[in-house]
Visitor: 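Got a structure here, written out as structure tokens. Questions coming.
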Amino acid sequence: MVPLTDHASLTADARAALEKALEPLSLLQDVVRWGFASTPPRDVTEVIVQDEFTHDVVMPWDQGSYLVFDTT
């Protein structure tokens, strides 16, 4: 599972729902496929390069919130 760091102070129910949604994701490929399979589809909004090996991948989540996946 992708480790979840909550910077939005989610309610316990919202956090549990997000953890459940993220549970099967382990690769960036999984994240992108999951995003496009969502209703409505979620596309990568931005890729932020941290260094030559690390990128942050930003995707919309819910009501103006975003998920940021740290990839290496």
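In this text the structure is predicted, and so the values were computed from the model without any measurement.
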Visitor: What residues, two or more places apart in sequence or in another chain, satisfy side chain to side chain donor-acceptor pair (under 3.5 Å) together with S38?
Guide: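 Listed in chain order: R42.
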Visitor: Please say yes or no: joined through hydrophobic side-chain contacts below 4.5 Å, possibly via intermediate residues, are V47 and W61 part of one cluster?
Guide: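 Yes, same cluster.
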Visitor: Under the side chain to side chain contact (heavy atoms under 4.5 Å, CB included) rule, collect the residues that match up with D56, sequence neighbours excluded.
Guide: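 Residues passing side chain to side chain contact (heavy atoms under 4.5 Å, CB included) with D56: I48, Q50, V68, D70.
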Visitor: Please list, chain by chain and in numerical order, all residues satisfying side chain to side chain contact (heavy atoms under 4.5 Å, CB included) with A17, sequence neighbours excluded.
Guide: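 Scan of A17 (side chain to side chain contact (heavy atoms under 4.5 Å, CB included), adjacent residues dropped) gives none.
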Visitor: Sequence neighbours excluded, which residues qualify as side chain to side chain contact (heavy atoms under 4.5 Å, CB included) partners of D51?
Guide: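 D51: side chain to side chain contact (heavy atoms under 4.5 Å, CB included) contacts with F53, T54.
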Visitor: Can you tell me how far CE of M59 sits from OH of Y66, rounded to the nearest 0.5 angstrom?
Guide: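 So the OH of Y66 and the CE of M59 are separated by 11.5 Å.
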Visitor: With heavy-atom distances below 4.5 Å as the criterion, would you say the side chains of H7 and T5 are in contact?
Guide: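 Yes, side chains in contact.
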Visitor: Which donor-acceptor pairs under 3.5 Å do side chains of residues 27-35 form with protein atoms, sequence neighbours excluded?
Guide:
residue : atom : partner : partner atom : Å
D30     : OD2  : S26     : N            : 3.1
D30     : OD2  : S26     : OG           : 3.3
D30     : OD2  : L27     : N            : 3.0

Visitor: Quick one: does L18's side chain get under 4.5 Å of L4's, heavy atoms only?
Guide: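 Sidechains of L4 and L18: in contact.
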Visitor: Residues two or more places apart in sequence or in another chain: which of them pass side chain to side chain contact (heavy atoms under 4.5 Å, CB included) with S9?
Guide: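 Per chain and number, S9 pairs via side chain to side chain contact (heavy atoms under 4.5 Å, CB included) with no residue.
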